[in-house]
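Reviewing the structure listed below.
Labels below follow one simple rule: chain letters A, B, ... track the order of the sequence lines, proteins then strands, and each chain is numbered from 1. As the structure is a prediction and not an experimental result, all values here were calculated from the model.
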There are 4 protein chains.
Amino acid sequence: MEVGFLGLGIMGKAMSMNLLKHGFKVTVWNRTLSKCDELVEHGATVGETPAAVVKKCKYTIAMLSDPAAALAVVFEKDGVLDGICSGKGYIDMSTVDDETSTKISEAITAKGGSFLEAPVSGSKKPAEDGQLVILAAGEKALYEEAIPAFDIMGKKSFFLGPVGNGAKMKLVVNMVMGSMMNAFSEGLELADKSGLDPQTLLAVLDLGAISNPMFRLKGPTMIQGNYSPAFPLKHQQKDMRLALALGDENAVPMPVAAAANEAFKKARSMGLGDKDFSAVYETVRQFKPSSS
Amino acid sequence: MEVGFLGLGIMGKAMSMNLLKHGFKVTVWNRTLSKCDELVEHGATVGETPAAVVKKCKYTIAMLSDPAAALAVVFEKDGVLDGICSGKGYIDMSTVDDETSTKISEAITAKGGSFLEAPVSGSKKPAEDGQLVILAAGEKALYEEAIPAFDIMGKKSFFLGPVGNGAKMKLVVNMVMGSMMNAFSEGLELADKSGLDPQTLLAVLDLGAISNPMFRLKGPTMIQGNYSPAFPLKHQQKDMRLALALGDENAVPMPVAAAANEAFKKARSMGLGDKDFSAVYETVRQFKPSSS
Amino acid sequence: MEVGFLGLGIMGKAMSMNLLKHGFKVTVWNRTLSKCDELVEHGATVGETPAAVVKKCKYTIAMLSDPAAALAVVFEKDGVLDGICSGKGYIDMSTVDDETSTKISEAITAKGGSFLEAPVSGSKKPAEDGQLVILAAGEKALYEEAIPAFDIMGKKSFFLGPVGNGAKMKLVVNMVMGSMMNAFSEGLELADKSGLDPQTLLAVLDLGAISNPMFRLKGPTMIQGNYSPAFPLKHQQKDMRLALALGDENAVPMPVAAAANEAFKKARSMGLGDKDFSAVYETVRQFKPSSS
Amino acid sequence: MEVGFLGLGIMGKAMSMNLLKHGFKVTVWNRTLSKCDELVEHGATVGETPAAVVKKCKYTIAMLSDPAAALAVVFEKDGVLDGICSGKGYIDMSTVDDETSTKISEAITAKGGSFLEAPVSGSKKPAEDGQLVILAAGEKALYEEAIPAFDIMGKKSFFLGPVGNGAKMKLVVNMVMGSMMNAFSEGLELADKSGLDPQTLLAVLDLGAISNPMFRLKGPTMIQGNYSPAFPLKHQQKDMRLALALGDENAVPMPVAAAANEAFKKARSMGLGDKDFSAVYETVRQFKPSSS
């Protein structure tokens with residue numbers, strides 16, 4: 001099986017590495033070429049441009065950091081559009097908004113290619129462990145062709161219908177996650193300032209109706225003030241923004257998500273955009289003693 | 001083992017029933033006496049008044065609906081204070097605020113009794129299944145005496161230090177839970193209005209980092225608009241209010257909890273106070289078609 | 001003095017009427033032509049298309065309902081671009097986002113025309129009374145040329161620098177206004193439910209540090225539940241959304257504006273989008289008696 | 001005319017000074033006695049205790065910083081209750097919650113005294129200028145007796161009915177004010193970060209529908225970062241908290257006030273509680289350069 005892979009950030013690198021380790025031949029491309037080195041050591045081939053990768057492979061997967069990057073890799077000179085044609089597929093697994101995804105889909109299909117958006121739920125660790133949840137939408141036949149790759153990168157994939165629905169599902173999930181992270185942060189700080197041991201709070205939470213992997217994973221590092229980025233805060237905030245924009249289109253009031261989004265924006269204004277999204281904890285932490 | 005039990009609402013009935021079924025002798029009291037009937041069928045004895053129950057038993061457990069009820073049962077004529085004395089223990093498992101708990105603690109200890117507050121995490125189902133999480137604080141010796149009863153009613157108990165800390169821990173947990181329920185509601189509505197299947201959202205959520213028992217349990221009934229009360233909304237809102245008050249005392253900003261609290265208040269203003277707390281979903285659901 | 005005028009909604013009609021009444025020759029255009037009739041009775045000429053108006057006049061003013069309409073009138077067939085040329089000016093007084101204004105500016109100047117964005121502060125009544133505040137940005141020479149018209153339509157005009165700054169200033173002002181309207185609504189409802197006379201609240205507010213024309217004007221009609229639209233709620237919500245997007249770009253946390261925006265979205269979901277923006281009051285009003 | 005005056009903080013000092021300057025004989029008391037000196041220079045007499053002041057005067061006015069202080073001055077040894085009797089009046093002009101006011105009212109009337117709560121709208125400057133708005137409630141006859149004093153201290157007084165209504169009206173007004181201050185802060189920061197001159201924003205705001213004295217007064221000092229306290233932030237936050245509690249009692253959703261309250265709490269956690277309430281501006285100001 002041969003597949004192209006564009007974008008080797010935290011996520012893309014882990015995903016393409018898994019494909020390599022499970023016997024896929026992978027041709028990779030990354031804007032900063034040096035990021036390809038580790039993949040090459042594990043047997044990957046390097047494509048000079050996105051177009052070159054697409055020309056070489058039956059289908060190509062992309063994992064890019066934001067809508068601008070997802071558009072650039074398709075529309076720029078020697079981009080995906082310059083390589084795509086009938087019989088080839090393009091699978092964009094980046095988290096982008098509906099409009100971006102639609103624009104890419106239209107361009108790909110206008111050239112005769114088939115398109116699937118397939119954003120994922122899960123960050124660095126699940127990407128490394130092949131435990132992502134894959135939210136695919138678009139061309140059903142391409143989805144079926146990609147199932148062997150999806151089965152390696154993820155623990156479960158869904159086909160959600162027309163293009164746009166994968167991106168939307170991802171935004172809904174990340175919106176709920178971002179609000180929960182804020183609620184959790186407020187709880188940790190409230191415990192601490194009220195004379196309770198935050199570690200005991202973690203134990204109590206983990207026994208109850210709201211026990212979940214995120215609290216288990218992030219709680220201990222947050223208490224230490226360790227925010228090394230698995231999912232960068234600025235990307236979480238971008239997803240909150242896009243989810244709120246989707247809610248605005250559909251007249252869905254989302255007061256809790258809106259409050260959470262403002263906290264993430266506050267964190268950005270504090271210079272925490274490149275830290276892990278759990279760094280939103282810093283927005284509620286007291287940073288100097290005060291008797292007021 | 002003999003124990004008194006005051007308050008046979010949804011929670012108290014399930015908890016005292018478990019004690020009976022596991023070999024405890026239980027003397028029960030409830031303001032509306034007819035609620036004692038089912039317990040009596042299972043072997044409970046009825047006390048005429050709280051004082052009578054306390055006089056009869058080495059220690060007495062109470063499970064009441066709110067701070068006012070918790071105070072009344074202690075301070076009114078023929079209340080707990082009229083029966084308590086040195087060598088007897090009183091364990092209040094109701095969810096109350098710090099001030100209420102302290103007031104009761106002081107009155108009990110002034111009469112020579114020993115006191116434990118022991119609010120629980122978990123509602124009807126965990127109460128029935130003996131799967132509560134018990135957050136005890138106060139007299140350590142009484143905690144140790146009550147461990148056999150706690151082991152039947154709950155899956156885990158914590159001793160958290162001085163009186164007040166049990167109530168506080170409970171409030172922190174319920175505050176996080178209430179915010180999460182709002183985030184979840186917003187997600188369900190956003191999915192629905194954006195053309196996604198809410199059932200698929202539940203499946204996706206359940207595979208990811210924020211998978212938790214509450215979403216699993218409440219999601220399907222919320223989609224049906226079924227809010228039969230396991231944990232009444234007005235009690236959830238009360239806990240949010242008390243948690244926010246605790247945060248106010250300690251200058252902890254809690255913007256997401258505050259937004260969630262306002263949604264619960266909105267639900268109360270819509271007449272949903274006696275429904276399940278998941279009825280907060282109704283505050284974000286569109287209730288008439290609109291093109292605006 | 002001759003001037004073109006595109007868009008005869010609530011605002012545009014009042015503004016162009018003022019120009020007519022003060023001796024300007026005005027050539028008008030509106031998508032629904034019948035809306036031109038009243039202006040014609042007062043001496044206006046009708047242009048067949050935006051292009052025709054622009055061709056005829058030294059400069060043309062537009063007042064359109066939203067970014068989509070502002071773009072359409074410029075870019076569509078027989079639109080402004082088909083008439084503009086060197087020596088002609090185009091002044092867009094609509095409230096639009098930065099991106100829209102920039103797009104229009106670039107297209108106009110590419111054809112040799114000069115461009116000014118000049119959104120206004122003030123709704124129906126100030127428009128009728130020539131009491132708008134005009135926030136102009138773009139080509140300084142065109143601003144100076146338009147001053148006689150601005151002096152009729154408004155009580156004060158500002159020149160704010162490069163294109164985009166007029167739109168931004170307008171959004172900032174309307175964002176503050178929208179948040180204030182929510183605070184006011186909450187105050188009216190809180191007074192009413194707490195046993196205070198809302199009319200007395202209006203009197204008290206009007207004597208204090210926060211006394212302002214909006215409370216004076218809107219208070220009495222809001223108490224009556226009269227929301228006949230001076231400034232439609234959906235337009236206010238659009239401005240909140242655009243202001244929040246501007247804040248997002250610049251990492252400005254705006255928790256109060258975000259909460260206000262969600263209330264306006266809630267109002268839209270209740271079908272109140274075409275009512276006056278003061279109808280957001282309905283989102284906090286209790287709509288059924290409840291003991292919860 | 002002779003009157004007692006208890007509490008010589010920022011407000012009380014200005015108010016009692018006005019009474020002195022307009023020919024009243026005033027007997028003052030303050031917990032820190034040295035604060036009486038300046039009043040004595042202007043002709044005031046000092047009472048040793050609240051009881052001594054009350055015994056000496058037909059009616060006594062109090063202006064204290066919070067509910068705890070208002071209760072202490074009445075109930076402590078040698079407090080107001082030890083001096084009050086039939087024929088004497090007690091007027092509490094402090095801003096307190098409903099419960100506090102009721103408790104004081106009951107104690108005073110139980111001793112045969114007559115009681116009026118009369119909180120004010122307006123801070124340091126209006127207090128100095130005799131331009132307060134006085135919100136009186138309680139004993140109508142005492143209100144009428146105090147009108148000459150009210151006419152000196154304030155520009156307008158209202159009689160609002162039973163005890164509690166003055167406090168409630170004050171809370172509603174201050175709640176609206178606190179939300180407005182947040183909206184204003186967000187607007188100033190949004191302007192600044194978007195490349196607009198905050199001074200021009202002040203000019204634009206002052207010409208429009210939301211023009212008000214508070215923006216005019218506070219805007220320039222806020223831009224300078226000058227927060228010398230006219231109305232301390234911790235007192236504003238207390239009023240927000242009490243207003244929200246009143247809303248909670250009556251199931252009034254107040255999402256914007258709740259968001260504003262959290263911002264004030266955030267400001268407290270930043271050590272700004274003793275600064276002017278306009279220091280809430282600091283919660284949205286970026287405090288370090290960041291590219292995130």
Looking at Val204(A) and Phe158(B), what are the two nearest heavy atoms and their distance?
CG2-CE1, 3.6 Å
Nearest non-hydrogen partners of Pro255(B) and Ala259(A), listed with the distance
O-CB, 3.8 Å
Region of Met177(B) that comes under 4.5 Å of a non-hydrogen atom in chain A:
both
Between Ala209(B) and Pro213(A), which heavy-atom pair has the shortest distance, and what is it?
O-CD, 3.3 Å
Name the region of Lys218(A), side chain, backbone, both or neither, that has any atom closer than 4.5 Å to a heavy atom of chain B.
neither
Met180(A) to Met180(B) - nearest heavy-atom pair and separation
CG-CG, 3.3 Å
Distance-minimising heavy-atom pair for Ile210(A) and Val173(B):
CD1-O, 4.0 Å
Closest heavy-atom pair and its distance - Pro253(B), Thr283(A):
CG-O, 4.3 Å
Heavy-atom pairs under 4.5 Å with chain B are the metric here; pick the option from Leu188(A), Val284(A), Leu217(A), Leu171(A) that has the most.
Val284(A)
Straight-line distance of Met169(B) CE to Leu205(A) CG, nearest 0.5 Å
8.0 Å
Crowded around Lys238(A) NZ? As in, over 12 foreign heavy atoms under 6.0 Å?
yes
Pairwise side-chain contact, Phe215(B) with Asn212(A), heavy-atom cut-off 4.5 Å (strictly under):
no
If you draw a 6.0 Å radius around NZ in Lys155(A), do more than 12 non-hydrogen atoms from other residues or ligands fall strictly inside?
yes
Please flag which part of Leu160(B) lies under 4.5 Å from any non-hydrogen atom of chain A: side chain, backbone, both or neither.
side chain
Interchain contact, Ala260(A) with chain B, by part (heavy-atom threshold 4.5 Å):
both
Between Leu190(A), Val252(A), Leu135(A), who has the most heavy-atom pairs with chain B when the cutoff is under 4.5 Å?
Leu190(A)
Using a cut-off of 6.0 Å, state whether more than 12 heavy atoms not belonging to Glu144(A) lie near its atom CD.
yes
Interatomic distance, Lys193(B) atom NZ to Leu246(A) atom CG [nearest 0.5 angstrom]:
12.0 Å
Quick check on side-chain contact (heavy atoms from CB on, under 4.5 Å): which of Leu196(A), Asp197(A), Thr200(A) does Asn165(B) satisfy it with?
Leu196(A)
Region of Val256(A) that comes under 4.5 Å of a non-hydrogen atom in chain B
both
Applying a strict 4.5 Å limit to non-hydrogen atoms, the region of Lys156(A) in contact with chain B is side chain
